[in-house]
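From a predicted model like this one, the values you see are computed outputs, not experimental measurements. Whatever order the structure lists them in is the order used to number ligands and atoms, beginning at 1.
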Amino acid sequence: MEPLHARYPFLEQSRAAVEAAAVDLGEVVATNEAVTTRALERVESAITDGTIGEPHRRTRVELLSYPVARVLVSLVDVHICTRRYAQAEAATAYERFTEEFATTTELKSTQSARLDRDELLAEFDLASAVREAGDGFRVEVGAYLDLAADQRGDAWRLVNRALADGWVRVTAEELNVLLKQAIRHRVTEGLPFDVPDAIAAELEEEVEYLQEILSDLDLTREIDTVVPDLFPPCMKALLDQVQKGEHLEHHSRFAIAAFLTGIGMTTDEIVDLFQVNPGFGEEATRYQVDHIRGETSPTEYSTPACSTMQSYGDCVNKDDLCETISHPMGYYEQKLDDAEEDELVDWREDGESEDEADA
Ligand code: SF4
């Protein structure tokens with residue numbers, strides 16, 4: 001096990017090094033507290049601040065903490081945890097390799113823990129899909145689309161790129177971002193997986209600890225995009241009823257108002273949206289929304305969980321994704337995460353919202 005493996009544990013050669021050392025993960029989690037502690041730190045930091053924490057000084061502990069962290073993420077089995085974990089691993093690797101790419105070649109030859117661009121491209125089978133050109137690089141369009149798909153921002157859209165003979169022009173910095181994406185895909189691959197009961201039993205406390213952190217997190221914190229097409233079926237149905245001017249029970253009104261507040265809509269925007277409804281009373285709606293937001297009450301109310309929605313009969317048209325989540329916010333977050341850039345047109349920027357069209 002070499003320092004390079006500990007710095008880049010997602011590499012094929014790092015996995016092979018763990019395998020060659022005939023490490024029994026069950027035994028590691030049962031006997032090696034340093035590894036379990038570092039693995040927990042990896043996941044906790046990923047969830048809370050987008051990093052993987054400070055590396056352990058011992059190469060073996062640092063490297064083994066990676067597969068154990070993956071076991072923890074699998075046991076927690078919550079989309080936001082998996083996503084943040086993969087993002088944090090990729091962000092750390094990105095920081096490391098960009099620094100190493102910038103280092104001169106002489107230095108590199110004396111530092112075995114360093115990685116160069118060609119090695120990283122080869123790791124992801126990109127050697128023939130990327131070529132150097134005078135002013136930067138060219139990436140084969142298929143590889144580009146795969147790696148740029150999750151990037152936010154118009155600049156990444158293919159229509160805005162210089163494309164010639166199936167090759168997309170990118171700068172060295174952009175290529176680094178695409179490599180970060182390849183790493184994120186690699187880390188995400190296979191997660192979550194089934195964990196043997198004996199290992200799960202050893203990690204019970206750590207998993208509970210992570211679950212507590214997750215439940216304290218404000219899941220709505222990062223969501224401020226309004227894309228009704230991606231709403232969970234229950235909220236689509238409620239929004240549809242609002243727009244058709246149908247009467248909504250108090251609990252249903254509360255659920256849709258809390259959801260829209262949670263995804264970043266202002267009181268005015270929600271009031272506007274409800275205005276098409278004949279049963280709508282502007283003052284009452286404004287009061288209710290402000291109340292949910294915590295402006296006219298000491299409490300900020302959040303969107304009801306699926307179990308509450310079900311008990312009120314507001315859970316309708318469940319789809320496959322519903323089977324994997326427990327909260328409408330979790331559903332929406334996953335949809336946003338999986339969406340292509342061009343699907344993410346915010347209703348408020350679109351100017352084509354249904355209420356405007358109907359007005
Ligand atoms: S399972 Fe949850 S997200 Fe899906 S429709 Fe029911 S309440 Fe909505």
Side-chain angles (χ1 to χ4, degrees), residues 47 73-85 150 188 191-192 207 210-265 269-270 273-274 276-277 279 285 288-289 291-294 299-340 343-348 353-355:
I47 302 171
V73 169
S74 296
L75 288 169
V76 170
D77 193 12
V78 170
H79 178 69
I80 192 173
C81 177
T82 311
R83 182 167 73 89
R84 287 191 183 180
Y85 172 67
D150 297 336
T188 309
L191 283 179
V207 171
L210 290 170
Q211 281 164 339
E212 269 168 38
I213 294 178
L214 281 164
S215 69
D216 287 346
L217 274 187
D218 180 1
L219 281 182
T220 67
R221 178 170 79 178
E222 288 177 353
I223 300 180
D224 63 351
T225 315
V226 183
V227 189
D229 279 351
L230 306 179
F231 283 4
C234 49
M235 297 301 168
K236 268 190 188 156
L238 291 177
L239 186 61
D240 197 44
Q241 282 173 264
V242 169
Q243 307 251 281
K244 283 187 183 145
E246 289 170 15
H247 173 73
L248 257 66
E249 299 284 338
H250 176 78
H251 53 81
S252 309
R253 242 176 119 88
F254 172 84
I256 183 71
F259 176 78
L260 296 173
T261 305
I263 65 173
M265 285 182 74
E269 285 166 345
I270 298 173
L273 193 66
F274 275 56
V276 293
N277 194 313
T285 303
Q288 187 183 28
V289 175
H291 195 74
I292 288 167
R293 205 181 285 287
T299 326
E300 193 177 328
Y301 293 94
S302 47
T303 311
C306 295
S307 52
T308 312
M309 296 286 286
Q310 274 150 20
S311 63
Y312 279 118
D314 282 332
C315 168
V316 293
N317 309 333
K318 277 172 78 166
D319 62 14
D320 288 351
L321 182 54
C322 287
E323 304 300 335
T324 70
I325 48 94
S326 58
H327 200 286
M329 277 300 187
Y331 181 106
Y332 187 51
E333 191 182 52
Q334 181 152 348
K335 278 282 190 182
L336 285 180
D337 197 36
D338 295 343
E340 301 286 335
E343 288 179 80
L344 292 174
V345 180
D346 196 299
W347 169 83
R348 296 164 296 181
S353 63
E354 284 179 42
D355 65 320

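Distances below 4.0 Å separate heavy atoms of Val316 from the following atoms of ligand 1: 5 (S). For ligand 1, the atoms sitting less than 4.0 Å from at least one non-hydrogen atom of Met309 are 7 (S), numbered in the order shown with element in parentheses. Atoms of ligand 1 lying under 4.0 Å from any heavy atom of Cys315, numbered from 1 in the order shown and given with element: 1 (S), 5 (S), 6 (Fe), 7 (S). Those atoms of ligand 1 that come under 4.0 Å of a heavy atom in Pro232, given as number and element, are 3 (S).
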With ring pair (Phe, Tyr, Trp, His ring centres under 6.0 Å) as the test, would you mind laying out the steps for Phe231 and Phe259 before giving the verdict? CA-CA 10 Å; Phe231 283 4; Phe259 176 78; 5.0 Å; yes
Is there a side chain to side chain contact (heavy atoms under 4.5 Å, CB included) between Leu273 and Met265? Walk through the geometry before answering. CA-CA 10 Å; Leu273 193 66; Met265 285 182 74; 4.3 Å; yes
Apply side chain to side chain contact (heavy atoms under 4.5 Å, CB included) to the pair Ile263 and Met329, showing each step before the final yes or no. CA-CA 8 Å; Ile263 65 173; Met329 277 300 187; 4.0 Å; yes
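The closest approach between a heavy atom of Leu321 and any atom of ligand 1 is not below 4.0 Å.
Looking at Ile325 against ligand 1, only its side chain comes within 4.0 Å, counting heavy atoms. Heavy atoms from both the backbone and the side chain of Cys234 come within less than 4.0 Å of ligand 1.
Under the 3.5 Å distance criterion, the side-chain polar atoms of Thr261 are matched with a main-chain donor or acceptor of Ala257.
Closest to atom 2 (Fe) of ligand 1 among all protein heavy atoms lies Cys306 SG, 2.3 Å. Nearest protein heavy-atom contact of atom 4 (Fe) of ligand 1 is Cys322 SG, 2.3 Å.
In this structure, CG in Asp314 is found 8.0 Å from CG in Leu248, a value given to the nearest 0.5 Å. With rounding to the nearest 0.5 Å, the separation of OG1 in Thr82 from CD in Gln334 is 9.0 Å.
Taking every heavy atom of both residues into account, Lys236 and Pro228 meet most closely at CE-O, 3.4 Å.
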